Number of protein chains: 2
Amino acid sequence: MASPNDTHSGHTPEELKAAMEAFHQRLRDAGLKSTRQRDVIVELFFTLDKHITADELLDEVREIQPRIGYATVYRTLKLLVEQDLALPKDFGDGQTRYDPIFDQDPGHDHIICVNCRKIAEFSDDIINTRIQEIAEEIGFTLRRKKLELYAECHNPECVAAQKDKK
Amino acid sequence: MASPNDTHSGHTPEELKAAMEAFHQRLRDAGLKSTRQRDVIVELFFTLDKHITADELLDEVREIQPRIGYATVYRTLKLLVEQDLALPKDFGDGQTRYDPIFDQDPGHDHIICVNCRKIAEFSDDIINTRIQEIAEEIGFTLRRKKLELYAECHNPECVAAQKDKK
DNA sequence: GTATATGCAAAGTGTTTGCAAGCGA
DNA sequence: TCGCTTGCAAACACTTTGCATATAC
C-alpha cells in the first residue's frame with residue numbers, strides 16, 4: 001500500500017557512511033580523484049537528503065568552504081548522476097532538483113500541491129510492480145521511472161489561501 | 001492492460017475542430033483576442049499532435065507565416081498551458097516539450113530509451129486507478145500526473161549501437 | 001478608440017565550458 | 001610529475017520581457 005512520508009525519512013549515519021564509501025569507490029573505479037570540495041558537496045548532499053537545487057546546495061556548501069564555485073557544484077552533481085548516486089528531477093519551476101540515491105533505495109515518488117507547492121513523498125508496490133510489467137510488455141528494460149502527481153492538498157492553510165484568491 | 005502506441009494515435013478532424021473551438025472559447029472567456037498568429041500556432045500544435053518543442057513548432061509555423069517570432073510561439077504555448085490545452089513535459093534534454101490535451105483525453109505516459117532517446121507511449125488503467133487511490137489516501141485531490149519510464153529499448157539498431165560503444 | 005498582441009532585440013535564468021593555476025595520486 | 005580539479009569568468013541554450021507598432025474587438 002501507499003506509504004506517505006511527509007517528512008523525509010532520514011537516513012541513518014550508517015547509510016550516510018555507506019553512501020560516501022560508494023562515492024569514493026566509484027571515483028576510484030573511474031580513475032577520478034577525491035578532493036576536499038567533492039567530499040564537502042557530496043556529504044552535504046546526502047546529509048540534507050532532499051530534492052535540492054544546485055543553488056541551494058551551493059549555499060550550504062559555502063558555509064563550510066566559502067570559496068567553492070558553482071561550477072564545482074554543478075560538476076559534482078553531474079558526476080553523482082552519472083554514477084547513479086543522484087537522480088535529477090524537474091518539477092516545472094525552471095530549476096533541476098537532485099535526489100540522493102542510497103544503496104538499494106527502491107525510490108520514492110512525489111506528489112506536489114499545485115497551489116502551495118508543498119511536496120510529499122510516497123512509494124507504492126502495486127505501481128512499482130505494474131510499471132515493471134508494462135516496460136517488459138512494450139519491449140524495454142526498465143532503468144528508472146519518474147512519477148509525479150500534481151494535486152491540491154487539503155491543508156487548511158492552503159485551502160483557505162485558495163478561497164481568498166477568488 | 002497497457003496499450004503501447006509507438007506512433008501517435010492521431011486525432012480525428014472532429015477532435016481537432018473541437019480543440020480549436022475550445023481554444024477560441026477560452027480566449028473569449030478570458031477577454032483575449034483571436035489572432036491570425038495564434039490560430040496558426042494552435043492549429044499546427046494540435047495537428048502535429050506530438051511532444052513538440054517551442055523551437056520545432058516555430059519551424060513549422062514559419063512555413064506558413066514566416067514572420068512569426070519565437071516570442072509569439074512561447075507566449076502562445078504558455079497561454080495553452082494556462083488554459084489546460086497543453087501539458088509541458090521535461091525529458092531531461094534541456095528543452096520543454098508540449099503535449100496537446102484534447103477534450104477528455106485521459107492522457108498517456110511515456111517510455112524513453114536512455115540510449116537512442118526514442119519515445120513510446122502507453123496508457124494503463126491499473127496505474128491510473130491506483131494513482132487516484134493514492135492521492136486520496138494521502139489527502140490530495142489529483143489534478144494531473146507525470147509518469148515517465150526511462151529504459152533500454154530492444155530495437156536491434158539501438159542494441160548494436162550500444163555494443164559498439166563498449 | 002482602446003486594450004491586447006506582435007515582432008524584434010535585449011535581458012534573464014539556469015547550466016556548461018575554456019583556461020590558467022592548483023592539487024591529489 | 002602528470003593529469004584530474006578548481007575557480008573564475010565567459011559562453012551557452014532556452015525562455016521571458018520591454019517597447020514601439022500593429023491589430024482585433
Side-chain angles (χ1 to χ4, degrees), chain A residues 20 23-45 51-83 86-98, chain B residues 20 23-45 51-59 61-83 86-98 117:
Chain A
M20 289 306 291
F23 174 59
H24 286 130
Q25 185 59 52
R26 315 240 181 150
L27 282 181
R28 259 175 264 127
D29 291 351
L32 302 176
K33 291 173 183 171
S34 173
T35 67
R36 206 165 47 265
Q37 291 91 328
R38 281 181 178 164
D39 279 357
V40 171
I41 295 169
V42 175
E43 180 142 13
L44 268 173
F45 176 65
H51 11 75
I52 200 168
T53 63
D55 212 53
E56 290 165 351
L57 185 53
L58 178 61
D59 280 350
E60 298 276 359
V61 161
R62 282 200 166 147
E63 306 226 334
I64 295 172
Q65 290 252 340
R67 307 195 52 82
I68 286 183
Y70 42 84
T72 303
V73 170
Y74 276 109
R75 284 189 276 230
T76 304
L77 282 171
K78 194 177 176 185
L79 184 61
L80 287 170
V81 172
E82 282 165 3
Q83 301 296 335
L87 207 51
K89 298 259 170 183
D90 185 303
F91 295 145
D93 61 350
Q95 296 174 78
T96 304
R97 284 153 199 283
Y98 297 84
Chain B
M20 289 305 292
F23 173 59
H24 287 130
Q25 186 58 52
R26 314 238 183 154
L27 282 181
R28 259 175 265 126
D29 292 350
L32 302 175
K33 291 173 182 170
S34 174
T35 66
R36 206 163 49 264
Q37 291 92 328
R38 281 181 177 164
D39 280 356
V40 171
I41 294 168
V42 174
E43 180 141 15
L44 268 173
F45 176 65
H51 13 73
I52 201 169
T53 63
D55 211 52
E56 290 164 352
L57 184 53
L58 177 62
D59 280 351
V61 160
R62 281 199 166 146
E63 306 229 333
I64 294 171
Q65 290 251 341
R67 308 196 50 84
I68 286 184
Y70 41 83
T72 303
V73 170
Y74 276 109
R75 283 189 276 230
T76 304
L77 282 171
K78 192 177 177 186
L79 184 61
L80 287 170
V81 171
E82 282 163 4
Q83 302 295 335
L87 206 52
K89 297 259 170 183
D90 185 303
F91 295 145
D93 62 350
Q95 295 174 79
T96 304
R97 284 153 199 284
Y98 297 84
R117 292 261 135 197

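Everything quoted here is computed from the prediction, not taken from an experiment.
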Integer-rounded Å distance: [N] [atom2] and [X] [atom1]:
{"X": "Asp39(A)", "N": "dT6(D)", "atom1": "CG", "atom2": "C1'", "answer": "14 Å"}
{"X": "Lys33(A)", "N": "dT1(D)", "atom1": "NZ", "atom2": "P", "answer": "14 Å"}
{"X": "Arg36(A)", "N": "dA25(C)", "atom1": "CZ", "atom2": "C1'", "answer": "15 Å"}
{"X": "Tyr70(B)", "N": "dG18(D)", "atom1": "OH", "atom2": "C1'", "answer": "14 Å"}
{"X": "Gln95(A)", "N": "dC14(D)", "atom1": "CD", "atom2": "C1'", "answer": "15 Å"}
{"X": "Arg67(B)", "N": "dA5(C)", "atom1": "CZ", "atom2": "C1'", "answer": "15 Å"}
{"X": "Glu82(B)", "N": "dT16(D)", "atom1": "CD", "atom2": "P", "answer": "10 Å"}
{"X": "Leu58(B)", "N": "dT15(D)", "atom1": "CG", "atom2": "P", "answer": "12 Å"}

Check whether any side-chain nitrogen or oxygen of [X] sits under 4.0 Å from OP1 or OP2 of [N], and answer yes or no.
{"X": "Arg75(B)", "N": "dT16(D)", "answer": "no"}
{"X": "Tyr74(A)", "N": "dT15(C)", "answer": "yes"}
{"X": "Thr72(A)", "N": "dG7(D)", "answer": "yes"}
{"X": "Arg38(A)", "N": "dT6(D)", "answer": "yes"}
{"X": "Thr96(B)", "N": "dC14(D)", "answer": "no"}
{"X": "Arg28(B)", "N": "dC25(D)", "answer": "no"}
{"X": "Gln37(A)", "N": "dC23(C)", "answer": "no"}

For Arg38(B) against Thr35(B), the heavy-atom pair lying closest together: N-OG1, 3.1 Å
Non-hydrogen atoms of Tyr70(B) and Arg62(B) that approach each other most closely: N-NH2, 4.2 Å
Closest-nucleotide ordering on DNA chain C, the 5'-leading residue of Leu32(B) and Ser34(A): Leu32(B)
Whichever of Ala54(A) and Ile41(B) has its nearest DNA chain C nucleotide further upstream toward 5': Ile41(B)
Side-chain contact, heavy-atom cut-off 4.5 Å: [X] with [Y]?
{"X": "Leu32(B)", "Y": "Leu79(B)", "answer": "yes"}
{"X": "Asp39(A)", "Y": "Phe23(A)", "answer": "yes"}
{"X": "Glu82(B)", "Y": "Arg26(B)", "answer": "no"}

Sugar-phosphate only, base, or nothing, as touched by Thr53(B) at under 4.0 Å among non-hydrogen atoms: nothing
Gap between atom OG1 of Thr96(A) and atom CD1 of Ile52(A) - 0.5 Å precision: 13.5 Å
Between CD1 on residue Ile68(A) and CD on residue Glu60(A), distance to nearest 0.5 Å: 12.5 Å
Closest-nucleotide 5' rank along DNA chain D - winner of Leu79(A) and Ala71(A): Leu79(A)
Axis-to-axis angle between the two ends of the helix from dG1(C)-dC25(D) to dA25(C)-dT1(D) (five base pairs per end, rounded to 10 degrees): 40°
CA sep, side-chain torsions, deciding dist, call: Phe45(B), Leu80(B), side chain to side chain contact (heavy atoms under 4.5 Å, CB included): CA-CA 10 Å; Phe45(B) 176 65; Leu80(B) 287 170; 3.7 Å; yes
